[in-house]
Amino acid sequence: MNDWTTQKQTAQTWFEKLRDDICAEFTAIEREAGSDAAFEYTPWDRTNHDGAEGGGGVRGLIKGKVFEKAGVNVSTVHGSFSPEFAKSINGAEEDPRFFATGISLVAHMANPHVPAVHMNTRFLVTTKAWFGGGADLNPPIEYADDTADFHARMKTACDAHDIADYDRYKKWADDYFYIPHRECHRGVGGIFYDHLECDGGAAFDANFAFTQDVGRAFLDIFPQIVRRRMGLAHNDAEKMQQLVWRGRYAEFNLVYDRGTTFGLKTGGNVDAILMSLPPEVVWE
């Protein structure tokens, strides 16, 4: 059976490079706004549920003038799932051993006219190997051109790859980022995909190339939107609209988000997992 050693390292290296590129761009935006805010990087180690060493990661966090709170995390973990959790993971029910590497990003913005955003891409190996991920835009105050441009850029990333289906991935995001108890969506969507399985080298190459382009698409379009909106004036009512909306975002991440569940169930760093929560929020 392929142990995917080379592919694991290749994917990890890419996620770390993407992290560095995104953090550099976010820092550049802070400088343009006259802020000296910088990312603080906190490494963490994980212990498997049986006490063995289980990898770890680095949490990157910036709190600035434009990015009120943005986390960019890379983790590379391994070990075995608990018997109960293994039943819910693709390819792990009969053999609970796993490897996972990926990047996870959430940015909450100071200005309510600038949308919050989430992006995550990952490579997992159990008895099967696959890629998953996506990106979605979360504006407290929606601008139609921001929504259109974000979706257009994600569509371009999908259209460049035969294995990708933008319409399907868009619907998947719409269905996934929905808050049933509020009967509303978390934001204006984007794309979401999972279980792009790699049954051989060619499949890995194709799925990895698409996953890389999702990361590049995010790095291209989101900074454009931030620069477009970050200088807009806002009032107290608009700030309150943002804070109430953040409550919905927090509810989704704590109740429904699979990434949050995966991190907590596999003994990940709690601060890194919950960096997705907004810095200030109001429930009314």
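Residue numbers count from 1 along this sequence. Any value given below was found using the heavy atoms of this structure, including those in side chains, with hydrogens, waters and symmetry copies removed. These figures come from a predicted structure and were not determined experimentally.
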Decide, yes or no, whether a salt bridge links D220 with R216 under the criterion of side-chain N to carboxylate O below 4.0 Å. no
Before accepting this row, confirm whether a basic side-chain N of the pair D174/K170 lies closer than 4.0 Å to the acidic partner's carboxylate O. yes
Could you grab the distance from atom [atom1] of [X] to atom [atom2] of [Y], nearest 0.5 Å is fine?
X	Y	atom1	atom2	value
I163	L196	CD1	CG	5.0 Å
E280	K69	CD	NZ	12.0 Å
T47	E53	OG1	CD	8.0 Å
H161	N207	NE2	CG	10.0 Å
D271	R59	CG	CZ	5.0 Å

Check whether [X] and [Y] end up in the same hydrophobic cluster, where Ile, Leu, Val, Met, Phe, Trp and Tyr are linked by side-chain heavy atoms less than 4.5 Å apart.
X	Y	result
L124	F85	yes
Y143	I221	no
L277	V106	no
F210	W172	yes
I141	V226	no

Trace of the ring pair (Phe, Tyr, Trp, His ring centres under 6.0 Å) decision for H118 with Y249: CA-CA 11 Å; H118 159 259; Y249 193 96; 7.8 Å; no
Step-by-step ring pair (Phe, Tyr, Trp, His ring centres under 6.0 Å) determination, F204 to F131: CA-CA 9 Å; F204 174 90; F131 284 93; 5.4 Å; yes
Residues at least two apart in sequence or cross-chain that pass salt bridge (charged side-chain N to carboxylate O under 4.0 Å, His left out) with D146, listed by chain then number, are R228, R229
Between [Y] and [X], is there a side-chain heavy-atom distance shorter than 4.5 Å?
X	Y	result
E32	M230	yes
L274	T260	yes
V244	R246	no
P223	R227	yes
V77	F98	yes
D136	F192	no
F39	F26	yes
T121	Y193	yes

Trace of the side-chain hydrogen bond (donor to acceptor under 3.5 Å, both in side chains) decision for E16 with Q12: CA-CA 6 Å; E16 291 172 349; Q12 178 183 348; 3.1 Å; yes
Given 3.5 Å as the limit, does a donor-acceptor pair link the side chain of [X] with the main chain of [Y], or not?
X	Y	answer
H78	T101	no
W283	R248	no
R97	F81	no
N48	S80	yes

Within a radius of less than 6.0 Å around [atom1] of [X], do more than 12 heavy atoms belonging to other residues, nucleotides or ligands occur?
X	atom1	result
D162	CG	no
K155	NZ	no
N235	CG	yes

When F222 is tested against each of D149, I22, L137, L105 for side-chain contact (heavy atoms from CB on, under 4.5 Å), which residue passes?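 When side-chain contact (heavy atoms from CB on, under 4.5 Å) is applied between F222 and each of D149, I22, L137, L105, only L137 qualifies.
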Looking at residues at least two apart in the chain, or sitting in another chain, which of them share a side-chain contact (heavy atoms from CB on, under 4.5 Å) with N90?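 By the side-chain contact (heavy atoms from CB on, under 4.5 Å) rule, N90 matches K128, W130, H195, E197.
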Consider only side-chain N and O atoms of Q9 and T13, and report whether a donor and an acceptor are under 3.5 Å apart.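 The criterion, which ignores hydrogens and geometry beyond distance, is satisfied for T13 and Q9.
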Do H234 and Q242 have side-chain atoms, one donor and one acceptor, less than 3.5 Å apart?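 On atom types as modelled, these side chains do not qualify, holding no pair under 3.5 Å.
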Under the salt bridge (charged side-chain N to carboxylate O under 4.0 Å, His left out) rule, what pairs show up with a residue in residues 253-270, not counting sequence neighbours? D194-R258
If you take all heavy atoms of V214 and M154, which pair is closest and at what distance? O-CE, 4.4 Å
Should D167 and K171 be marked as a salt bridge (charged side-chain N to carboxylate O under 4.0 Å, His left out) after you check the CA-CA gap, both sets of side-chain angles, and the distance that decides it? CA-CA 6 Å; D167 290 335; K171 183 179 185 305; over 6 Å; no
